[in-house]
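To start, the structure itself, in structure tokens.
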Amino acid sequence: MATEVAAFLLKEKLQNLKADQTIIHPRLKGRISTAIDNLQQLLSFLKDTAEPDNAEDRESERTNLLYTIYSAEDTIDTYLLRRAQQRLKRLASLWSQKEVSKGLKKFNVEFMDLPFFSSLKKDQPQPQPQPLQSKVPRNVGSATTREGGSTHRWEKISHLLDMESEAVVWKQHMEELVKGLIPLPLEEQEFRVLPVVGSGGSGKTTMVRSLYDRVDIKRHFECRAWVCVSRDFKFRDVLVDLIEQVSITRLSGIDHMGDDILAEMLLKALMEKRYLIVLDDVWKVEDWHQLTISLPDSQNGSRVILTTRSDEVADLADLWGNPLRLHQICDAERWELLKRQVGKHEAELGKFEDVIMEKCHYYSPLDIVLAGGILSTTESREWPRIIAKLPSPGEGRSTSLDIVSLSFHELPPRLKVCFLYLGLFPKPLDVPVRRLSWLWLSEGFLSPTPAERKMKLEPEDLADMCFEILVRRKLIDVTKWKLDGTPKTCRMSGVIRDFFSPKSVRSGLFYIHDNETKLPTICKIRRLVEYMESEKVLDDSIDENLRSFVSFNNKLRGKANREIGTFFKSLVNKKGFSLLKVLDLEGVYKPLLSDIVGNLLLLRFLGLRSTVLDSIPSAVGKLPCLETLDLKHTNVTTLPNSIWKAKKLRHLYMNEVHIDAFFQKLSKGSLSNLQTLRGLYVGNENVVTNSLDRLVNIRKLGLTCHKKSVKAVVDWVLLLPNLHSLKLSSIDEFGKPSKIELMSLEKQTKLCNLYLLGALEKPVNLSRVLPLSLKKLTLSMLELKEDPMPVLSKLPELSILRLFADSYLGSRMTCDGEGFPKLRVLKLWMLSQLRSWTVEEGTMPILQELEIRGCDALRKIDGIKHLQSLKELTLTNMPESFTERIKRGIWREMYIKVNEWMLSRHQVNQVRTADEIDEYDSEDDSNSHVEEEGEEEEEEEERYYDEEGDESGEIDEDGQEDGDESCR
């Protein structure tokens with residue numbers, strides 16, 4: 001595994017170098033081609049032999065090969081760094097190309113001298129790299145159109161929102177568990193613990209997760225929380241996680257609180273509530289005992305579900321002595337589960353039923369799911385080969401690891417690297433898909449092949465496709481979804497992570513510094529991951545060859561951030577430069593950075609989200625390879641002037657940074673690759689007409705404009721052919737919503753997400769403004785006089801509609817029959833003059849969630865019974881009489897949540913702008929696997945009713961592209 005990972009990464013780097021038009025050394029390109037051929041032979045050999053990495057007879061040989069590969073990679077990256085330095089000084093780079101040529105000559109010689117080279121099939125033609133789409137059946141994993149648009153992203157995995165597809169084999173167990181959770185009146189109102197015990201892969205977590213999100217469970221419990229305890233149990237972390245989920249107020253000063261104070265805080269928060277808490281993956285009895293001190297018994301029917309592999313833990317946790325033990329599923333259940341995994345190819349699967357079931361006897365649910373994942377992402381003509389490789393277990397012998405290994409082995413090399421990389425995230429953490437994709441791309445794992453370039457696929461599209469395939473393989477699970485069907489967070493299952501994480505570390509892909517992991521012996525650390533448990537930043541085993549630094553040290557303040565500054569100064573000063581490409585400090589409190597960052601000339605990703613930094617070093621703007629700069633949730637109000645000269649920058653996230661204060665006219669080629677521009681305040685129209693309107697490749701745009709610049713911005717928007725997401729707010733000099741003028745957006749055929757805030761300067765016909773491609777629409781303060789529903793109902797793709805404060809000023813609203821065919825979420829907030837709403841039969845046939853908030857004048861809803869698919873109805877700050885009428889009118893099982901929040905006049909004014917809602921908007925069941933959608937880049941744990949974030953709510957997540965040859 002280690003050899004394959006290193007060989008793939010070096011081959012990608014060499015292919016990028018080969019395409020570099022500046023290579024002029026006479027022998028270099030030939031040696032690059034030879035090295036690529038050698039590496040391709042090696043990768044084919046490793047795939048064909050599938051030999052374990054730790055085979056004793058090959059261990060020394062593969063160690064030598066790793067040294068050879070890493071040495072070549074260092075040579076190439078050092079060349080790229082020196083070339084960047086020479087360009088700053090305007091020097092020629094021929095002499096450094098000579099060094100690369102010598103280095104590759106040495107690599108090719110050493111490679112061919114290795115004993116195993118003689119066993120490579122040199123005469124066999126080597127396969128050419130194929131597009132990612134061709135690795136799976138037709139249309140499988142195709143997250144983009146041929147033209148590179150992303151109008152069909154995630155469509156191949158959105159069906160996984162229905163967790164019942166995998167929970168089908170546990171229906172009997174689920175009903176038993178429900179009886180324990182919701183007792184009959186006057187029965188079992190005392191506190192109870194319900195253990196669910198089973199081996200790894202038996203389906204404990206999947207079953208409990210499916211039950212956790214049931215409507216009857218939501219209705220019964222006032223608050224719910226879900227935490228992963230895991231083998232690496234940290235009492236404090238679990239306490240904080242639980243407090244954040246059950247508390248409705250912001251927490252401050254946690255860093256300075258002792259564990260006993262936190263335990264008491266949790267106890268008080270739960271004391272008066274009927275709660276349901278899921279403690280997933282508890283390993284030790286002492287861990288359970290430590291948590292019990294904060295779980296009160298208020299004799300109100302509160303429950304704890306505990307999942308564990310340990311019979312001892314289960315027996316001691318359940319005082320009733322009756323833990324739920326998951327039985328081994330029968331062959332009929334195995335076959336039914338397998339058919340669900342394969343999906344539409346079910347009929348073709350029937351041809352292989354006998355041979356499959358002969359092998360699948362004694363398979364666990366995880367085994368079946370993994371086998372189905374392999375088959376569902378493989379052409380059916382390949383099924384006989386796959387089925388032949390499925391392990392044939394004996395009774396009592398686990399096959400999960402064999403099937404996991406097979407699934408991994410069948411992946412193309414770059415998907416293997418992307419999958420292994422997921423192991424750098426802490427185990428209890430739900431991994432943000434946004435952050436994972438950014439890191440994949442910044443590391444250079446997903447360089448487009450020639451065929452993919454021909455298909456106009458962007459690297460961000462490849463990241464989406466890669467993630468989708470891994471989910472369909474069941475190697476990673478989506479743990480939270482946005483309501484528009486896009487994945488928000490993910491993780492590996494416990495069994496898979498336990499198997500692969502040590503292998504990832506041993507492969508040298510990354511090193512986790514957590515005071516427990518042993519230092520690597522094969523090579524120097526190339527990617528350093530710092531966990532919050534570590535006491536100091538590692539330095540002794542790191543040299544200038546470090547490529548990435550990712551920190552999860554977000555629990556400590558003060559000392560940790562100073563050590564980060566000291567660490568980088570030491571790293572850069574060793575030889576005056578660094579090969580660092582990724583610097584991700586998301587969540588680290590005010591890391592101490594200086595202009596020494598300017599020496600990181602190969603840096604592609606600088607992640608400072610949620611660091612609360614007040615400023616960034618001026619040298620950041622001069623980094624020649626920087627592709628993503630993330631300043632979301634910081635106090636940075638201005639950027640270096642030089643940032644506008646960046647030619648590689650693709651994604652720029654800010655917090656209402658005023659461009660007028662530091663704007664410089666764009667030079668030729670500046671920001672020509674920019675795809676995402678978020679959090680910018682534009683006060684002067686000249687800024688738009690003189691420069692911003694040259695940025696025509698924007699896909700995501702989020703601006704706040706002074707009323708004087710709105711028209712210029714709208715004219716610019718009309719010039720953006722690839723625009724997918726637009727957030728446009730118009731405010732006056734006092735920060736209040738101001739006039740906004742709208743032009744027709746009908747020609748923006750790729751626009752999926754639109755957010756508008758501001759009062760219309762003159763009446764408009766919405767049918768001539770809104771494109772039919774919209775999937776999500778948010779309107780705030782538009783002051784529409786005519787009912788917008790007849791027009792909006794005809795948008796064929798609309799899945800989420802949010803009408804916020806005074807977006808409509810009429811008293812009546814009607815949703816016609818057969819309208820809104822794909823609407824899943826509807827929110828009506830603070831429509832102060834709305835008195836009646838009519839819902840006709842046939843409208844909104846798949847609506848699942850409805851929220852009505854602060855519509856004080858609303859007296860009745862005619863026809864709510866026609867919303868047959870409605871699962872959740874939330875009534876926030878609505879008159880009590882209205883709430884009671886609605887409750888009496890509900891004729892079926894539905895989750896009705898009633899919220900009453902007391903806000904000051906100042907807070908109400910803030911909320912009415914729909915820009916500060918995340919301060920007051922929270923949800924006590926934020927760990928539902930279907931998350932309310934916040935802003936696309938928001939990955940805080942959404943503990944404060946973050947249903948809207950800052951209301952931008954992007955349809956798509958963000959990644960970043962590989963740079964050109966000089967930065968690879």
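Since the model is a prediction, treat every value here as computed from it, not as a measurement.
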Salt bridge check, Arg340 against Glu336: does any charged N sit closer than 4.0 Å to a carboxylate O?
yes
Only counting residues at least two apart or in another chain, list the ones meeting salt bridge (Lys or Arg N to Asp or Glu O under 4.0 Å) with Arg491.
Asp430
Are side-chain heavy atoms of Leu728 and Cys705 found at a separation under 4.5 Å?
yes
Under the salt bridge (Lys or Arg N to Asp or Glu O under 4.0 Å) rule, collect the residues that match up with Asp816, sequence neighbours excluded.
none
Got a salt bridge between Asp213 and Lys480, using NZ or NE/NH1/NH2 to carboxylate O under 4.0 Å?
no
What do you reckon, is CD of Glu841 surrounded by more than 12 foreign heavy atoms closer than 6.0 Å?
no
For residues Thr704 and Ile731, determine if any side-chain heavy atom of one lies less than 4.5 Å from a side-chain heavy atom of the other.
yes
Rounded distance [0.5 Å steps], CG in Leu826 versus CD1 in Ile800:
11.0 Å
Does any N or O in the side chain of Thr843 come within less than 3.5 Å of the main-chain N or O of Glu840, such that one atom is a donor and the other an acceptor?
no
Quick one, Leu875 and Glu880 - any side-chain contact, counting heavy atoms below 4.5 Å?
no
Can you tell me if Asp464 uses its side chain to pair, donor with acceptor, with the backbone of Asp461 under 3.5 Å?
no
Shortest non-hydrogen pair, Glu741 vs Val714, comes out as O-CG2, 3.4 Å
Would you check if there is a donor-acceptor pair between the side chains of Ser773 and Thr749 at a distance under 3.5 Å?
no
Taking atom CZ of Arg885 as the centre, report whether more than 12 heavy atoms of other residues, nucleotides or ligands fall under 6.0 Å from it.
yes
Are the side chain of Gln748 and the backbone N or O of Leu720 linked by a donor-acceptor pair below 3.5 Å?
yes
With side chains defined as the heavy atoms from C-beta onward, is the minimum distance between Asn753 and Leu774 less than 4.5 Å?
no
With a 3.5 Å cut-off and no angle check, do the side chains of Arg802 and Thr778 form a donor-acceptor pair?
yes
Can you tell me how far CG of Leu766 sits from CD of Glu786, rounded to the nearest 0.5 angstrom?
9.0 Å
Side-chain contact test, heavy atoms from C-beta onward, threshold under 4.5 Å: evaluate it for Glu851 versus Glu872 and give yes or no.
no
Report yes or no: does Ser793 contribute a side-chain atom to a donor-acceptor pair with the main-chain N or O of Phe820 at less than 3.5 Å?
no
Straight-line distance of Leu703 CG to Ser730 OG, nearest 0.5 Å:
11.5 Å
side-chain contact (heavy atoms from CB on, under 4.5 Å), that's the test. Do Leu782 and Leu779 meet it? Break it down for me.
CA-CA 7 Å; Leu782 261 65; Leu779 304 177; 4.0 Å; yes
Are Asp806 and Leu831 packed together at the side-chain level, in the sense that at least one heavy-atom pair is separated by less than 4.5 angstrom?
no
Mind telling me whether Tyr212 and Trp226 have parallel, tilted or perpendicular rings, with 30° and 60° as the class edges?
perpendicular
Using side-chain contact (heavy atoms from CB on, under 4.5 Å), reason through Leu870 and Gln848 one step at a time and then give a plain yes or no.
CA-CA 4 Å; Leu870 190 62; Gln848 296 184 18; 5.9 Å; no
Would a distance-only check, ignoring hydrogens and angles, find a side-chain to backbone donor-acceptor pair under 3.5 Å from Asp477 to Thr479?
no
Of the non-hydrogen atoms in Pro796 and Pro821, which two are nearest, and what is the gap between them?
O-CG, 3.9 Å
Salt bridge flag under 4.0 Å for residues Lys632 and Asp630
no
Residues in salt bridge (Lys or Arg N to Asp or Glu O under 4.0 Å) with Lys711, at least two apart?
Asp715
Write down the atom of Glu761, the atom of Lys739, and the distance for their closest heavy-atom approach.
CA-CD, 4.2 Å
Rounded to the nearest 0.5 Å, how far does CG of Leu719 lie from CD1 of Ile698?
12.0 Å
Hey, what do you get for CG (Leu757) to CD1 (Ile740), rounding to the nearest 0.5 Å?
7.5 Å
Might you point out which heavy atoms bring Leu211 and Leu181 nearest each other, and give the distance in Å?
CD2-CD1, 3.1 Å
Check this for me: does any side-chain nitrogen of one of Asp216 and Lys218 sit under 4.0 Å from a carboxylate oxygen of the other?
no
Between Ile861 and Phe882, is there a side-chain heavy-atom distance shorter than 4.5 Å?
yes
Between Ser807 and Trp829, does the side-chain contact (heavy atoms from CB on, under 4.5 Å) criterion hold? Intermediate values first, please.
CA-CA 9 Å; Ser807 55; Trp829 286 19; over 6 Å; no
Assess the residue pair Arg824 and Ser799 against the criterion (side-chain hydrogen bond (donor to acceptor under 3.5 Å, both in side chains)); give the C-alpha distance rounded to whole Å, side-chain angles, the decisive distance to 0.1 Å, and a yes or no.
CA-CA 5 Å; Arg824 301 177 66 223; Ser799 63; over 6 Å; no
So that I can tick it off, tell me whether Lys775 and Glu797 are bridged by a salt bridge, with the cut-off set at under 4.0 angstrom between side-chain N and carboxylate O.
no
Using modelled atom types only, decide if a donor and an acceptor are shared between the side chain of His220 and the backbone of Ile182 within a distance under 3.5 Å.
no
On a heavy-atom basis, which atom in Gln341 and which in Ser376 lie closest, and how many Å separate them?
O-CB, 3.6 Å
ring-ring contact (aromatic ring centres under 6.0 Å, His included), that's the test. Do Tyr808 and Trp837 meet it? Break it down for me.
CA-CA 13 Å; Tyr808 171 52; Trp837 178 27; over 10 Å; no
So, taking the atom named CG in Leu754 and the one named NZ in Lys776, what distance separates them when rounded to the nearest 0.5 Å?
11.5 Å
Run Leu718 and Met743 through side-chain contact (heavy atoms from CB on, under 4.5 Å) and show every step you take.
CA-CA 8 Å; Leu718 298 178; Met743 305 288 285; 3.9 Å; yes
A side-chain contact here means heavy atoms from C-beta on lying under 4.5 Å apart; do Gln675 and Glu460 qualify?
yes
Is any side-chain N of the basic residue among Glu849 and Lys482 closer than 4.0 Å to the acidic one's carboxylate O?
no
Verify the neighbour count for atom CD of Glu818: are there more than 12 heavy atoms of other residues, nucleotides or ligands below 6.0 Å?
no
What are the two closest non-hydrogen atoms of Ser869 and Pro845, and how far apart are they?
OG-O, 2.7 Å
Are the side chain of Ser210 and the backbone N or O of Met207 linked by a donor-acceptor pair below 3.5 Å?
no
